[in-house]
Structure formats: C-alpha cells, structure tokens
Amino acid sequence: MTEKLLARASGNDTVKPGEIVFIEPDVILSHDNTAAIAKTFELLPQARVMHPDRLAITLDHAAPPPTAMHAQNHARVREFVRAQGIANFFDVGRGICHQVLCEEGIVGPGMTLLGADSHSTHYGWLGAFSAGIGRSEVAALWATGQLWLRVPETMRITLSGKLNAGVATKDLTIRLIGKLSSDGATYMAAEFDGDGIAPLTPDSRAVLTNMMAEMGAKNACMAPDAVTWRWLEMTLRRTRHDDHDARLAYFRQRALFADPGANYAARHQIALGEIEPMISRPHSVDNAQALSELPSTAVDVGFIGSCTNGRLEDIAAAADIARGRRLNKRLIVIPASSMVLRDAAEAGYIADLVDAGATIGTPGCGPCMGVHAGVLAPGEVCISSANRNFRGRMGEPSAEIYLANPAVVAASCIAGRLIHPAELTG
C-alpha cells in the first residue's frame, strides 16, 4: 500500500523498497515550530511559498502560550500565515494538528503528507501516506514543493479477533512495541490488516498508526473500509458544509489498496483476544509489562490527552470510571480538538470528570511536550495516556512517567496507585 502511495506522489507507475524518489506531498504540516522553519526559509532564494494551498499550520504545542516568548512565537506564525496567504491555519484552541487535519478533511485516503512532527505517522489510519521530517526539510518543501525519500520496506501486522472489555488499542501498541522494541520497525512502513480491524472504532484505529512512531516506523497505514467512510462522511458534514460531498467523492477516487499476495519484509500475527491492559514503565515505551504483573505503584498525577489518546472515546472511558467517584490524585484531561471538547461536553463526560475533581485543559498538546499545562514536579510519578515516557518528557528529568490506556489512568487516579479499572467497577 505504501509503495502505491509513493508511486503516485512521485509520478511513477511503480516503486520498489530501497529506491530514492522525489515526491510532491499533498499536504505539508507544521505547528508552533513554523516560526523556526520560517527563519530557515528566509535564508533561501525563494521569497514565496511555492504551494501555499498545500500548507497546514496549527498552534497546538504551547497553546495558550505559557510565556511571553511563546506568545511572540505565535505572533510570528500568524504574520507568516498572512504574508504567504495560507488558508489552512488553525489558531490556539482548535486542537492538535493530527486530530484537526483529519477532522477538517485536509488529509484523507490516497493522499500524502509530510510534517514537521514525529507523530505524523498518524494519518495512515485513513489510508494515507504520512511521515515526519525535519524543519529544514519542511523549509525546502515550502520553497520547491518536492522532497526525496527512500521507499521503505513494509512490515505487515495482521490483527485477528476482538479486544476484550477494558482493553484498548493503546494496550495493543504497547504490547507490540515491547515485543519488537522501540527500533523494531526503523524506517519501515507498518501496514495493518486482518479481520481484527473491522470492529475497531475510528478513534482506536488512530492510536495504532500514531504509536508506530514509537517503534521507529517511517509511516503506518491501513486500508479504508466502511468504518472509515462512515466517519469521513459524518465528520466532513460538520467541518466542510459547502463541499463535503465533493471532498468525500475525491477521497473515494483517490483511495489505494494493497495487492493480494503482495510481498512484505516482515509479518506479524496478533490475536486481539490475547491482549490485556499494558503499562510502559519509565523511561522508554518498549519497557512494557502487563498491568496484572506490575507491583503496587503509587501515582501522583494522571494525564489523559495528546494526539494518541485525547479523542472522544478516550474521554468517555475516563468519564465512565470517574462517574460518581472522587479522585484521590490529580487528573488533567485535555481534549485533542475543539470538536472533541464540544462532543464530550454535550455527552456529559466533561461534567462527570469535573465532578470527580479533574482539571480540563484547552484543546492542544498540553503537558505531553513538557512545556506547560501540567508539567511534573521533581520525583513525581505520572500515569499518562500520551505516547512517550522518556526521561524529562513532561518537563522534569527526575519524574517518572508510566503509559497506559485512558481507563487505567482514570482508575489509578481514583485509587492513588496503578490498578486495573475492574478493581473499581467489578
């Protein structure tokens, strides 16, 4: 599937793993780092962005700005957007780039995105090719519209069966990364298939492709199916009032699928029914262990959010645990987008969490990047639904971060220690 996507983007009939190709991506993503990229762009001879309609920029990593320096950075981004005539700009409060670009229909099946963010693998759940690149590469893309890539080999991950109650795709990814290691898919395409995909919700599918960045993958993808098209139709009606039908038709025409019998560099089979709640222990994602095998561990704070697990399904899982109970430890909940926040409020999930004692933040990345909105104190232990638990990731090198699914995060903040939600709910 990845080879077909890159063949289209490079204007070739076919491409093979290992080939170097020049591609013209449909979308070029940047966020708060746009100001730094613009400084590099200003050193180039081109005064204007070649394809301003292909740029998509969000302010999400330090939003709202926690310092005057961050506010000045945002101001510079807004000025660049005005000067270059960039239409796809999403200011503070709209949410995290990866969630917003999916909701806005900027990226969809059959398209190609390159972004100045390591979790740009995210969009593969829609059937797109998407990969993270460096800031200087983004500046070059602004100037020329082209960038070279090596075509990656593909790892096929076949899912079968269904997840058990209380188990999420976050647990699946932690289990997979723990098994194959954090460099187990370095510069490979991770392609998901199998009958286990059909029962997965759109929110849970995005976790799979997003977290493959933590296994070293260049990109991750899965073929669009009835669930994908239903989500796109419903979401585009909300965000693209004037052209939702035309945009959906464009995506259907662009969709690509792997050939039956295609060759893969590696294959893995996973029975979803065998997955149980998992934990990534400090200080690496592949330091994985089943929650049931973990010694009793006290926590100080929980975080539910990020581009990995800040969607409606994640907030609903936390609200189901928190409803009618009181938190014993701090819990910060930050929706991935304004759409998620609105839906969670209308469903009553925000009220349930606030009544339990949780703090609700502005849609964006929050403390995931360690800048603001819930950074840790020295020695604190955090249970997080985000994507990384590196030392210092949430601002304090001496703090410890455990990764888990959102239900485990909420339950642990109620109990004050890492526990399975079933210990509370029965």
Side-chain angles (χ1 to χ4, degrees), residues 163-179 182 207 211 214 274-306 308-310 313-334 353 356-359 366-368 374-426:
L163 293 170
N164 294 317
V167 181
T169 49
K170 183 59 165 287
D171 303 302
L172 166 60
T173 58
I174 293 175
R175 167 90 172 266
L176 184 62
I177 296 167
K179 177 182 178 181
S182 59
V207 179
M211 284 289 289
E214 306 310 319
E274 297 177 1
I275 305 296
E276 60 180 301
M278 299 291 296
I279 297 288
S280 284
R281 298 172 295 174
H283 296 280
S284 63
V285 181
D286 59 2
N287 189 13
Q289 186 172 4
L291 176 60
S292 61
E293 300 172 356
L294 200 68
S296 180
T297 304
V299 301
D300 298 296
V301 60
F303 170 52
I304 295 174
S306 84
T308 306
N309 281 111
E313 182 177 282
D314 306 311
I315 295 173
D320 287 344
I321 300 297
R323 189 176 300 115
R325 298 182 171 92
R326 290 292 299 176
L327 297 167
N328 286 303
K329 299 295 180 180
R330 308 187 311 277
L331 175 61
I332 300 165
V333 179
I334 301 185
L353 289 163
T359 298
C368 179
V375 296
L376 304 178
E380 283 194 321
V381 175
C382 177
I383 176 69
S384 168
S385 73
N387 40 50
R388 287 179 176 159
N389 61 344
F390 307 157
R391 190 183 300 276
R393 173 68 180 181
M394 295 178 69
E396 172 49 54
S398 69
E400 294 188 336
I401 306 168
Y402 291 78
L403 302 182
N405 76 48
V408 172
V409 174
S412 299
C413 289
I414 292 170
R417 59 183 177 85
L418 295 181
I419 67 165
H420 193 297
E423 291 190 45
L424 296 177
T425 65

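Remember, it's a predicted structure, so these values are computed and weren't measured experimentally.
Atoms CD1 and CG, from I315 and D320 in turn, are 12.0 Å apart once rounded to the nearest 0.5 Å. The structure places CD of Q289 at 9.0 Å from CD1 of I279, a figure rounded to the nearest 0.5 Å. The SG atom of C413 lies 9.5 Å from the CG atom of N328; values are rounded to the nearest 0.5 Å. Here I321 contributes atom CD1 and I414 contributes atom CD1; the two are 7.0 Å apart, rounded to the nearest 0.5 Å. For the atom pair OG1 of T297 and CZ of R281, the computed distance is 9.5 Å after rounding to the nearest 0.5 Å. Taken to the nearest 0.5 Å, the CZ atom of R175 stands 12.0 Å off from the OG1 atom of T173.
With respect to K329 and E380, no salt bridge is recorded, no charged nitrogen being found less than 4.0 Å from a carboxylate O. The pair E400-R393 does not meet the salt-bridge criterion, since no charged nitrogen lies less than 4.0 angstrom from a carboxylate oxygen.
The shortest heavy-atom contact between S296 and R417 is OG-CD, 3.8 Å. Closest approach of V285 and N389 over heavy atoms only: N-OD1, 3.1 Å.
Evaluated for a side-chain contact (heavy atoms from CB on, under 4.5 Å) with L376, the options P397, S384, C382 yield exactly one hit, C382. None of N309, N405, V333, V409 except one satisfies the side-chain contact (heavy atoms from CB on, under 4.5 Å) rule with D314; the exception is N309.
Judged purely by atom type and a 3.5 angstrom limit, R391 has no side-chain atom pairing as donor or acceptor with the backbone of E396. For the pair D286 (side chain) and G178 (backbone), a donor-acceptor distance under 3.5 Å is absent.
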Item to check | Intermediate values then yes/no, side chain to side chain contact (heavy atoms under 4.5 Å, CB included), L418 and S412 | outcome: CA-CA 5 Å; L418 295 181; S412 299; 3.8 Å; yes
Next on the checklist: Between F303 and I334, does the side chain to side chain contact (heavy atoms under 4.5 Å, CB included) criterion hold? Intermediate values first, please.
Outcome noted: CA-CA 8 Å; F303 170 52; I334 301 185; 4.0 Å; yes
Checklist entry - Where do I401 and M394 land on the side chain to side chain contact (heavy atoms under 4.5 Å, CB included) test, with the steps shown first? => result CA-CA 8 Å; I401 306 168; M394 295 178 69; 3.6 Å; yes
Checklist entry - side chain to side chain contact (heavy atoms under 4.5 Å, CB included) between T169 and E313: does it pass, once the steps are laid out? => result CA-CA 12 Å; T169 49; E313 182 177 282; 5.8 Å; no
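Side-chain atoms of E276 and S292 form a donor-acceptor pair, as typed in the model, at a separation below 3.5 Å. Looking at N387 and T308, their side chains do bring a donor and an acceptor atom within 3.5 Å of each other.
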